[in-house]
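Reading through the structure tokens given below for one structure.
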Amino acid sequence: MSSSPYETYSPASGPEQPSPYGGYDPHTAETVAYGLLPYEDTYRPAYEPSAPQLSPTLPQQQMTGGRVREGRGARRRKGSERPDALRRLLPQALVVAFLAGGTTAFVAKDKAIELSVDGKPRTLHTFADDVTELLADEGVAVGAHDVVAPAPGTALASGDEVRVHYGRPVRITLDGERREVWTTAHTVEEALTQLGVRAEGAYLSLARSQKIGRHGLAIDVRTERSVTIMADGRARTIRTNAATVGEAVEEAGITLRGEDTISVIPESFPRDGQTVTVLRVTASKEVHEEPIPFDVRRTRDATLFKGTEIVDQTGRPGLRRVTFALRAVNGVKEKPRRVRTETVREPRAQLVRVGSKPLPTSVHGADHLDWGSLAACESGGRPNAVDPSGTYGGLYQFDTQTWQHLGGSGRPQDATGAEQTMRAKRLYAKRGAGPWPHCGGRLHG
């Protein structure tokens, strides 16, 4: 018996056999259009229980006397079951097609990428669409100072290279100026190259091969500079990476002695192209003696007429000794500087009594004379007049000795006009008009 649940008819298999379907020929049966007959949808999702399977053997009644009737019924059922079978096969075909297309898409999205992180390369396969997604998938975190090439967000294709360089903080003191920078270099030499620092001939506080860790490092760099030293009338130009001007002067073979100094602060940083002058200083001291002026102390005396002064004690100046520091820079003398003062002798004050008694307004026998005409003739009427020789002064041209014999003090030209006239009257009372040989006749008009 065939394993099929239905017997098949084949005319070529031998003599004609009676048809198991009786007089009904299934090859001439009418084909019913799909969808015209009601049917039950047999498709079930995978998580639902499947429909019961048909028995692989025919029912017994198909083999009995009612074969023709039941065979026709079976064929009708078979014709109606074919659309259901197609519907059961359709989801399976779609799944196969989806899996086939998914495999193609899977292969298309897979990319071979070379990823280098901080100089360590590796090749990997990824489904990431761009650089950002790749780094996220690989757990590579980048910060603001890190460098990613190509840039994050760049689309990826198979065969691309992605490089990540971590930034490192470097605290560099370059030629006396301190700053903090970030670099992706791994060694001191690479960092200096990135920063554009000329390292040839420079002083470095660390070796050029020193590795730079992720935490960074601190380094002092002094580049080689040209400095000119002017000393003793001669210029010396040197190349130096000295830390101070003082060190550069020493490197030039110049020695400072005594109070010698330089034109800039020795601890300052030497700049490229700078000119420094050495100042040769010679120093000495001088001692001078200076007088100390005395004071004049005046007291009033009512027994003396006004304008009369009597010196009871003559003043005497004191004496002090002053020490000066003398300094010459490159042969040029500076202004002396006072460094010490000591008193050798104290001054002595001058004591003077000054008359406060009112002057007499008249002198017997002289009041009626024309004193104005005499003054006009002698001095032009000027109380402070002094002759060209400096011997005579005042309205009436007294000499100092005569003036003081008449009770005056100081010089006549320093006294008031009234005092000068009063003392002129006293002189006339004693000697007449003789003291004024040229102008005396004016007294009588």
Side-chain angles (χ1 to χ4, degrees), residues 287-322 341 343-445:
V287 178
H288 294 180
E289 290 187 349
E290 297 178 350
I292 303 175
F294 59 85
D295 294 333
V296 178
R297 299 172 187 172
R298 289 181 168 86
T299 57
R300 295 169 62 88
D301 190 340
T303 64
L304 300 176
F305 288 112
K306 288 182 179 179
T308 301
E309 292 185 354
I310 297 177
V311 177
D312 292 332
Q313 177 179 291
T314 303
R316 184 184 67 185
L319 182 65
R320 60 181 162 221
R321 188 174 291 121
V322 182
T341 301
T343 301
V344 178
R345 184 181 65 243
E346 294 289 349
R348 184 178 65 191
Q350 179 167 294
L351 305 179
V352 179
R353 286 183 295 131
V354 179
S356 59
K357 183 179 179 180
L359 289 170
T361 57
S362 65
V363 176
H364 179 71
D367 292 335
H368 63 285
L369 301 177
D370 190 354
W371 296 101
S373 296
L374 177 60
C377 179
E378 289 288 338
S379 63
R382 293 178 293 117
N384 60 348
V386 180
D387 78 320
S389 68
T391 305
Y392 303 98
L395 287 170
Y396 307 101
Q397 293 295 285
F398 292 104
D399 63 79
T400 303
Q401 185 177 4
T402 303
W403 172 260
Q404 292 179 354
H405 284 168
L406 294 171
S409 62
R411 301 182 307 170
Q413 61 266 27
D414 296 330
T416 63
E419 182 181 355
Q420 292 182 39
T421 300
M422 184 272 293
R423 302 204 185 277
K425 289 180 179 181
R426 285 186 176 184
L427 180 60
Y428 178 83
K430 289 180 178 182
R431 299 171 53 184
W436 302 283
H438 299 291
C439 300
R442 299 287 185 95
L443 289 171
H444 303 285

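Numbers here simply count residues along the sequence, with the first being 1.
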Check your understanding: Hey, is CZ on Arg431 packed in by over 12 heavy atoms from elsewhere, all under 6.0 Å?
Key -> no

Is there side-chain contact between Val363 and Tyr428, with at least one heavy-atom pair below 4.5 Å? no

Heavy-atom check, side chain of Tyr392 versus side chain of Thr402, under 4.5 Å:
no

Check your understanding: Between Asp370 and Arg442, does at least one N-O distance fall below 4.0 Å, as a salt bridge requires?
Key -> no

Looking at Arg345, I want to see if its CZ is surrounded by more than 12 non-hydrogen atoms of other residues, nucleotides or ligands under 6.0 Å. yes

Rounded to the nearest 0.5 Å, the NE2 atom of His444 sits from the OG atom of Ser373 at a distance of 11.5 Å

Rounded to the nearest 0.5 Å, the CG atom of Asp387 sits from the OG atom of Ser379 at a distance of 11.0 Å

Step-by-step side chain to side chain contact (heavy atoms under 4.5 Å, CB included) determination, Val352 to Val311: CA-CA 4 Å; Val352 179; Val311 177; 4.0 Å; yes

Please check: side-chain N/O of Gln350 versus main-chain N/O of Val296, any donor-acceptor pairing under 3.5 Å?
no

Exercise for the section: Using modelled atom types only, decide if a donor and an acceptor are shared between the side chain of Arg316 and the backbone of Phe294 within a distance under 3.5 Å. Expected result: no

Worksheet item: Do side-chain atoms of Arg300 reach the backbone of Ser356 as a donor and acceptor pair under 3.5 angstrom?
Response: no

Has Thr343 got a side-chain atom pairing as donor or acceptor with Glu346's backbone, closer than 3.5 angstrom?
no

For Glu378 and Leu395, the nearest pair of non-hydrogen atoms, with its separation, is CB-O, 3.5 Å

Side-chain touch Trp403/Gln420, heavy atoms, less than 4.5 angstrom:
yes

CD of Gln404 to CZ of Arg423, rounded to nearest 0.5 Å, is 10.5 Å

Exercise for review: Return yes if some donor-acceptor pair links the side-chain N/O of Glu290 with the main-chain N/O of Val322 below 3.5 Å, else return no.
Suggested key: no

Around atom NE2 of His405, are there more than 12 heavy atoms of other residues, nucleotides or ligands at under 6.0 Å? no

* **Close side-chain approach of Phe398 and Leu427, heavy atoms under 4.5 Å** => yes

d(Asp312 CG, Thr299 OG1) to nearest 0.5 Å is 7.0 Å

Between the main-chain N or O of Ala302 and the side-chain N or O of Arg353, is there a donor-acceptor pair closer than 3.5 Å?
no

CE of Met422 to CH2 of Trp371, rounded to nearest 0.5 Å, is 12.0 Å

Output for pair (Arg298 CZ, Ile310 CD1), nearest 0.5 Å, gives 13.5 Å

Note: Glu419 and Gly408 closest approach over all heavy atoms is OE2-CA, 4.2 Å

*Got a donor-acceptor contact below 3.5 angstrom from the Gln313 side chain to the Ala349 backbone?*
yes

message = Looking at Glu289, I'd like to know if its CD atom is crowded, meaning that more than 12 non-hydrogen atoms belonging to other residues, nucleotides or ligands lie closer than 6.0 Å.
response = yes

Between Gln413 and Gly394, the two heavy atoms sitting closest are CB-N, 3.7 Å

